[in-house]
Amino acid sequence: MKFMAFLFAILVLPVAVYADSQCGPYRLGTSPANDGWARINGVKPESQKVIFLKQKDDYDNIKMVWTMATTQPGLWIGMEYIKRDGKAILNTQQVRASMDAPKIFGTYDCVKIKN
């Protein structure tokens, strides 16, 4: 877990110094507490996973996966941030407690925004 926190800090600190990212309605950033977790719209996700797509420490080719709780009971948002060759997108899916509920997906281009 400490390695993941260290890895995430290395990943986000260069971006956090200059800008957060805006992906549709989601603002991706870091915590003022510097705890190694992303913040999505200011909220810490329930889970976080970081995967390098080409080679270790290649931050231009990375995938980050989060699960976020919502204010609605039984509804979570699964998020997949993918950055390839410096261009980033965010894929989302509403994850419901009922298997019969319709699946709702979203894809957003991400842009850096100044703090």
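By convention here, the first residue in the shown sequence is residue 1.
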>> Can you pull out every disulfide (SG to SG under 2.5 Å) where at least one residue sits in residues 22-100? Sequence neighbours excluded, please.
In response: Cys23-Cys110

>> Can you give me the closest heavy-atom contact between Asp20 and Gly29, atom names plus distance?
In response: OD1-CA, 3.7 Å

> Can you tell me if Asn61 uses its side chain to pair, donor with acceptor, with the backbone of Lys54 under 3.5 Å?
Replying inline: no

>> Just so I know, are the side chains of Thr30 and Trp37 near enough to count as touching, which here means a heavy-atom distance under 4.5 Å?
In response: no

> Where do Trp66 and Gln48 land on the side-chain hydrogen bond (donor to acceptor under 3.5 Å, both in side chains) test, with the steps shown first?
Replying inline: CA-CA 5 Å; Trp66 301 292; Gln48 173 174 281; 3.2 Å; yes

> For residues 72-96, which residue pairs qualify under ring-ring contact (aromatic ring centres under 6.0 Å, His included), counting only residues two or more places apart or in two chains?
Replying inline: none

>> If hydrophobic clusters are built by linking Ile, Leu, Val, Met, Phe, Trp and Tyr wherever their side-chain heavy atoms come under 4.5 Å apart, do Val50 and Ile89 end up in the same one?
In response: no

> Does any pair with a residue in residues 44-79 pass disulfide (SG to SG under 2.5 Å), and if so which ones, sequence neighbours excluded?
Replying inline: none

> Between atom CD1 of Ile51 and atom NZ of Lys56, what is the distance when rounded to the nearest 0.5 Å?
Replying inline: 15.0 Å

> Nearest heavy-atom pair of Pro45 and Ala38: which atoms, and what distance?
Replying inline: CD-O, 3.1 Å

> Considering only heavy atoms from C-beta outward, does the side chain of Leu75 approach that of Gln94 to under 4.5 Å?
Replying inline: yes

>> To the nearest 0.5 Å, what is the distance between NZ on Lys63 and CG on Leu53?
In response: 7.0 Å

> Is any side-chain heavy atom of Met79 closer than 4.5 Å to a side-chain heavy atom of Asn91?
Replying inline: no

> In a check of side-chain contact (heavy atoms from CB on, under 4.5 Å) between Met68 and each of Asn41, Thr92, Ile40, which one passes?
Replying inline: Ile40

> In Å, rounded to the nearest 0.5 Å, how long is the span from OG1 of Thr107 to CD of Gln93?
Replying inline: 10.5 Å

> Taking side chain as C-beta onward, heavy atoms only, is Ser21 less than 4.5 Å from Tyr26?
Replying inline: no

> If you measure from the Lys or Arg side-chain nitrogens to the Asp or Glu carboxylate oxygens, is any gap between Arg84 and Asp58 under 4.0 Å?
Replying inline: no

> When rounded to the nearest 0.5 angstrom, what is the spacing between NZ in Lys44 and CZ in Arg39?
Replying inline: 6.0 Å

>> Starting from Ile82, can I reach Leu28 by hopping between I/L/V/M/F/W/Y residues whose side chains sit under 4.5 Å apart?
In response: no

> Roughly how far apart are Met64 CE and Phe52 CZ, rounded to 0.5 Å?
Replying inline: 9.5 Å

>> Would you say Ile104 ends up clustered with Val95 if hydrophobic residues are merged whenever their side chains have heavy atoms under 4.5 Å apart, either directly or through other cluster members?
In response: no

